[in-house]
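First the structure, in the form of structure tokens, and then the observations on it.
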Amino acid sequence: MKVLVAVKRVVDYNVKVRVKNDGSGVDLTNVKMSINPFDEIAVEEAVRLKEAGKVDEVVLVSIGSAKSEETLRTGLAMGADRGILVNTDDLAVEPLAVAKILQKVTEKEQPSLVILGKQAIDDDCNQTGQMLSALMNWPQGTFASEVALDDTQVTVTREVDGGLQTVKLSLPAVVTTDLRLNEPRFASLPNIMKAKKKPVDKLTPAELGLGEGDIKPRLEIVQTQEPAKRQAGIKVVTVAELVDKLKNEAGVL
Amino acid sequence: MKTLLIAEHDNHTLSAHTAKALTAATKLGAVDILVLGQDCEAVAQQAATLAGVSTVLLADDAGLANQLAEPCAEVILSLASEYQGIVAAATTTGKNTLPRVAAKLDVMQVSDVIEVLDESTFKRPIYAGNAIQTVRCNEPIKVITVRTANFEAAGTGASAPVSAVSVNLSAALSEHVEDTLSVSERPELATANIIISGGRALGSKEQFQQVILPVADKLGAAVGASRAAVDAGYAPNDWQVGQTGKIVSPQLYIACGISGAIQHLAGMKDSKVIVAINTDEDAPIFQVADYGLVADLFEVLPELEQQLGS
């Protein structure tokens, strides 16, 4: 069985981004970039399925500029077998466009399971997995905290607002990962070295049969602003003072 | 512009999310509400009382009992040609279903809308709320999820007609196995007026329960947790507040032993009043707190509980 995992290169989750003064976006110059944390969990899950003997091959795909190859190498060092880089240069690709590209890659690779992070921590959209699933007309198991795979189906425990929900999906299927699915491993130095030699195919959207019209942005970004700042308030010394302030100053008790 | 709002419910009760999402949806134009579920006539009747609703559409079918994304998307798509807007609350149900609808319609979805500027222009947070993007959506159908914490609830007192929708689902792609839902007498986290949250400093599940819960019950508050506390097993996943958990904006948010990582702040910084209790006076949570108490939560929370009682 083959598993396809989508990985995105994003601003590292520890970085607090700065909004550019002219409102044109966030400043990404000299900012540390990493694999999207949810995608790292997706890679880990796929590699564990392979280690458990349930999966023969783990293929990674990343969509973005040539620098996304670094992100693929990160996943390859964790144990994935090979990578596919779909180079979109500096074009902004929205989730719908990414889903269309992934659809083409999925049709080409014919995996039984596609695992993606539930959202990327840059645009926070939480759409791509569901969209890919729709375009393929496959079942979806989103926000997974547990995945049990057998030959014909996958059982997914999902983190939902009220608790947990378990669904059974017939394969092929799409799964998106939530935080508690697993704890990704740190790649060892020998594995990082080995990953440099693993094959990475380089493709363009055109080579996958997609024209510019298929993937051009649909949403127009009018401006990007700083959020309204909250002013730090005061320090209180005692519980009695806190209760008094909440009752008589803030009026919330 | 005619808009279809997807109701948030559990087949019995309409969630408070729907009235809030309705406020956003009415800014796009006339609103019909679609109730997808099984034996959920009561929910449709509740939706019909919301001020500003034209018609409530009821899709009642065994295949919709658990509101799985595949059948729900199918029903929404069967109705979509009548509408220029499709809106849902950005709950796990809305987030699960709506992108599926958007992709089938070949339109780009706008997620987590916090402000509707006009019928095609929206504000939404990116980078865990560290930036706010204004986007214009020129798609023929606007598919939108709404961050309900940013909208007031629409009023009630109306009596819109309820009309049944015929449901013809194709063969199911997925099967519901079970729900393991938290049962709680406390208010729902996402819509509570007061929330008390605990972080890693609580140290264990037992201490979390011993220290946080009595204060929550005294305040009639919902209980939240930081990601660190949930990851450590001190609190269940559905209590997590933050970028990837629940986004809340209560009247009062009390953060106990929470340092204030940006991912947590993203989930609660729109609260009206924030109280932080932490031993580390340099913790970032104090930068957003209206009232900070530098103290050991194990000492001050029992004291707080006592003082609230008197």
Side-chain angles (χ1 to χ4, degrees), chain A residues 11 13 16-17 19 26 94-96 99 119 121-127 130-131 133-135 138-143 145 155 159-170 179-180 218-227 230 232-236 239-240 242-243 245-246 250 252-253, chain B residues 68-70 73 91-92 95-96 99-100 102-104 108-112 121 125-137 139 173-182 190 227 231 236-238 244 251-252 262 269 272-273 275 286-294 300 303-304 307:
Chain A
V11 170
Y13 81 103
K16 188 175 187 303
V17 296
V19 175
V26 297
E94 294 170 341
L96 181 63
Q119 75 192 67
I121 60 163
D122 48 6
D123 62 21
D124 283 333
C125 277
N126 194 333
Q127 299 176 3
Q130 296 90 313
M131 286 182 158
S133 166
L135 295 176
W138 286 3
Q140 66 186 50
T142 53
F143 326 146
S145 66
T155 305
E159 295 202 1
V160 295
D161 286 338
L164 298 170
Q165 178 182 65
T166 306
V167 292
K168 203 176 268 185
L169 316 175
S170 51
L179 289 170
R180 280 164 285 274
R218 304 287 190 83
L219 302 180
E220 179 195 337
I221 298 166
V222 181
Q223 67 165 341
T224 305
Q225 297 162 284
E226 289 266 3
R230 253 195 114 93
I234 57 161
K235 291 260 168 55
V236 292
V239 173
L242 175 64
V243 172
K245 295 278 188 197
L246 292 177
V252 289
L253 282 186
Chain B
L68 300 183
E70 299 88 344
T91 57
T92 48
K95 288 175 180 175
N96 192 30
R100 201 170 171 99
K104 293 272 194 191
M108 180 55 202
Q109 174 180 309
V110 184
S111 293
D112 278 319
T121 317
I126 54 174
Y127 292 97
N130 283 308
I132 307 294
Q133 210 171 48
T134 304
V135 296
R136 190 168 295 131
C137 172
E139 303 281 22
L173 296 166
S174 58
E175 177 196 330
H176 180 262
V177 180
E178 62 170 348
D179 283 336
T180 314
L181 301 182
S182 310
R227 179 188 166 187
D231 282 355
N237 69 282
D238 51 302
T244 62
Q251 294 291 304
L252 173 60
I262 51 175
K269 67 184 168 55
K272 183 164 173 264
V273 174
V275 170
F286 287 119
Q287 291 164 20
V288 300
D290 299 282
Y291 302 107
L293 182 55
V294 181
V300 299
E303 198 182 334
L304 178 62
Q307 298 219 5

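Every chain is numbered from 1 and lettered A, B, ... according to where its sequence line falls, protein lines coming before strand lines.
- By number of non-hydrogen pairs under 4.5 angstrom with chain B, the leading residue of A:D122, A:I221, A:V160, A:L242 is A:D122.
- Among B:P236, B:S111, B:A128, the residue making the largest number of heavy-atom pairs under 4.5 Å with chain A is B:S111.
- Highest contact tally toward chain A, considering only B:I262, B:N237, B:L181, B:T180, is held by B:N237 [criterion: heavy-atom pairs under 4.5 Å].
- In terms of heavy-atom pairs under 4.5 angstrom with chain B, the leader among A:I234, A:V19, A:L253, A:T142 is A:I234.
- Note that CD of A:Q225 is 5.0 Å distant from OG1 of B:T134, once rounded to the nearest 0.5 Å.
- Between the A:S170 side chain and the B:L173 main chain, a donor and an acceptor come within less than 3.5 Å of each other.
- Between the side chain of A:Q130 and the main chain of B:A102, no donor-acceptor pair closer than 3.5 Å is present.
- Using a distance-only test at 3.5 Å, with no hydrogens or angles considered, a donor-acceptor pair links the side chain of B:T92 to the main chain of A:D161.
- In this structure, the portions of B:Q133 lying under 4.5 Å from any heavy atom of chain A include both its backbone and its side chain.
- Under a 3.5 Å cut-off, the side chain of A:Q140 and the backbone N or O of B:E70 do not form any donor-acceptor pair.
- In this structure, CD in B:Q307 is found 11.0 Å from CG in A:L246, a value given to the nearest 0.5 Å.
- Of the inter-residue distances, the one linking A:I121 atom CD1 with B:I126 atom CD1 reads 12.5 Å to the nearest 0.5 angstrom.
- A distance of 5.5 Å separates CE of A:M131 from CE of B:M108, quoted to the nearest 0.5 Å.
- Of the possible donor and acceptor atoms, none in the side chain of A:K16 sits under 3.5 Å from a partner among the backbone N and O of B:N130.
- When atom types are taken as modelled, the side chain of A:R230 and the backbone of B:V288 share a donor-acceptor pair closer than 3.5 angstrom.
- With B:D290 contributing its side chain and A:G233 its backbone, the two residues share no donor-acceptor pair below 3.5 Å.
- Contact annotation: the side chain of A:E159 never approaches that of B:D238 to less than 4.5 Å [non-hydrogen atoms, C-beta and beyond].
- Summarising the geometry of A:V26 relative to B:A131, their closest heavy-atom pair is CG1-CB, 3.9 Å, with the distance given to 0.1 Å.
- Between chain B and the options A:V167, A:L179, A:T224, heavy-atom pairs under 4.5 Å are most frequent for A:L179.
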